Participant: 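Pasting a structure here, questions to come.
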Amino acid sequence: MNSCDKCGNPHIIIKKKQSGQKLCKDCFIKSTQNKVIKDIRKYKLIEKGDKVLLGLSGGKDSVMLLDVLNSLRKRNIIDIIAVTIDEGIHGYREEGVEIAARNARKLGVEHRVVTFKEYFGKTLDDIIAQNTLKEGRRNACTYCGVFRRWIFNRVAREEGATKIATGHNLDDETQSIVMSYLEGNIHNLTRIGPKSETKNEMFTIKIKPLREIPEKEIGLYVIAKELEIHFAGCPYAGESFRAEVGSFLKQLSNEHPTIMYSTLRGFDKMKPVLKKEFSTESLVRGCEKCGEPSAARLCKVCSFLESWEESEVD
């Protein structure tokens, strides 16, 4: 019978393939919110009094995360500062920044926009246009990821944030696991999880409250709640290895609906063994140029910038 398994409402909006559960709009919204809050408690992602820097791109994942975490802010459990990074992608990022600002303003959440240009003197478009490094061309996602992590860590300290929350979902996390395995990157595998575990005070702890929520359910959540989101996809994303792995996992999920959950659960069981055997604590110091944490003389950002400066001289 096509009625909600929780309240009997005949107007269901989802039948979960992995469990067969049928839910109406209100029960789906409530159960999704409860799942995120339950995971926050289970993995001890947030403590009372935390100031959470929330990476707000304006896309569905970050907008849903803002909506859920705002319930904790309204109960005076946490404080939130939403931070939007403008990478400088012409014709794409402008709308996302505006949507992010409207979502934060609607909830009364403090919001800050920071840019690649402001911190590095270059936009991502500039970086890709001049990408003529001697060691070979990297794709945009490599640069973007490094530069965004640098900014979030710097801004978290500037704002006195105790946690950095990102909207990584189940699809993102399983992609990271499969990518790291296929590339033989054991070091990355030891770091994947709901919460960063570094003890170094130079890093702000990163958390992923949406880690066990499938991307499709996040999309349905924002539609059900009529949240304004930025629908456009990044024009650089299609060229990445992550996009290839994501496409493969989605195809696999069509016939095997639980594959992403089983991948995540299996990895979480293996992670303690991986950490015991392969985890190493790098000597982290301040980058000689910017002061951000680095295992070498220069952090990755400053290393990139220095390489570009040298190539421009040549």
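Predicted model, so just to flag it, every value in this text is computed and none were measured.
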Participant: State the CG-CZ distance between N153 and F203, to the nearest 0.5 angstrom.
Facilitator: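 It is 6.5 Å, given to the nearest 0.5 Å.
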
Participant: For the pair R112 and E159, find out whether any cationic side-chain nitrogen is under 4.0 Å from an anionic carboxylate oxygen.
Facilitator: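 A salt bridge links R112 with E159.
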
Participant: Given S62 and S57, is the side chain to side chain donor-acceptor pair (under 3.5 Å) satisfied, shown in steps?
Facilitator: CA-CA 6 Å; S62 63; S57 68; 3.3 Å; yes

Participant: Going by an N to O cut-off under 4.0 Å, is there a salt bridge joining R157 and E292?
Facilitator: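 Between E292 and R157 there is a salt bridge, with a charged N closer than 4.0 Å to a carboxylate O.
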
Participant: Could you report the tightest heavy-atom contact between L264 and E173, atom names first, then the distance?
Facilitator: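 Minimum heavy-atom separation between L264 and E173: CD1-CG, 3.6 Å.
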
Participant: Using a 4.5 Å cut-off on heavy atoms from C-beta on, say whether the side chain of R149 contacts that of V146.
Facilitator: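 Touching, per the 4.5 Å side-chain cut-off.
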
Participant: May I ask you to decide whether E228 forms a salt bridge with K60, counting only side-chain N to carboxylate O separations under 4.0 Å?
Facilitator: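 So E228 does not pair with K60 through a salt bridge.
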
Participant: Inspect the contact between D86 and K117 and indicate whether a charged nitrogen and a carboxylate oxygen are less than 4.0 angstrom apart.
Facilitator: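 No, no charged N to carboxylate O under 4.0 Å.
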
Participant: Test F116 against every option in W150, Y143, F147 by the ring-ring contact (aromatic ring centres under 6.0 Å, His included) rule and name the one that passes.
Facilitator: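 Of W150, Y143, F147, ring-ring contact (aromatic ring centres under 6.0 Å, His included) with F116 is met by F147 alone.
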
Participant: Taking side chain to side chain donor-acceptor pair (under 3.5 Å) as the criterion, tell me which of H230, E98, E87 meets it with R93.
Facilitator: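 For R93, the side chain to side chain donor-acceptor pair (under 3.5 Å) test succeeds with only one of H230, E98, E87, which is E87.
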
Participant: Should the pair F304 and W308 be assigned to parallel (<30°), tilted (30 to 60°) or perpendicular (>60°) ring geometry?
Facilitator: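 Taking W308 first and then F304, their aromatic rings lie parallel (interplane angle under 30°).
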
Participant: For a side chain to side chain donor-acceptor pair (under 3.5 Å) check, start with the C-alpha distance between R242 and S176, then their side-chain angles and the critical distance, and finish with the verdict.
Facilitator: CA-CA 8 Å; R242 178 176 289 275; S176 294; 2.9 Å; yes

Participant: What heavy-atom pair brings I229 and I99 nearest, and what distance separates the two atoms?
Facilitator: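 In terms of heavy atoms, the two residues are closest at O-CD1, 3.5 Å.
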
Participant: Show the nearest heavy-atom pair for residues L56 and A100, with the distance to one decimal.
Facilitator: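 For L56 and A100, the tightest heavy-atom pair comes out as CD2-O, 3.4 Å.
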
Participant: Between D39 and K35, does any NZ, NE, NH1 or NH2 come within less than 4.0 Å of an OD or OE carboxylate oxygen?
Facilitator: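 Yes, this pair counts.
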
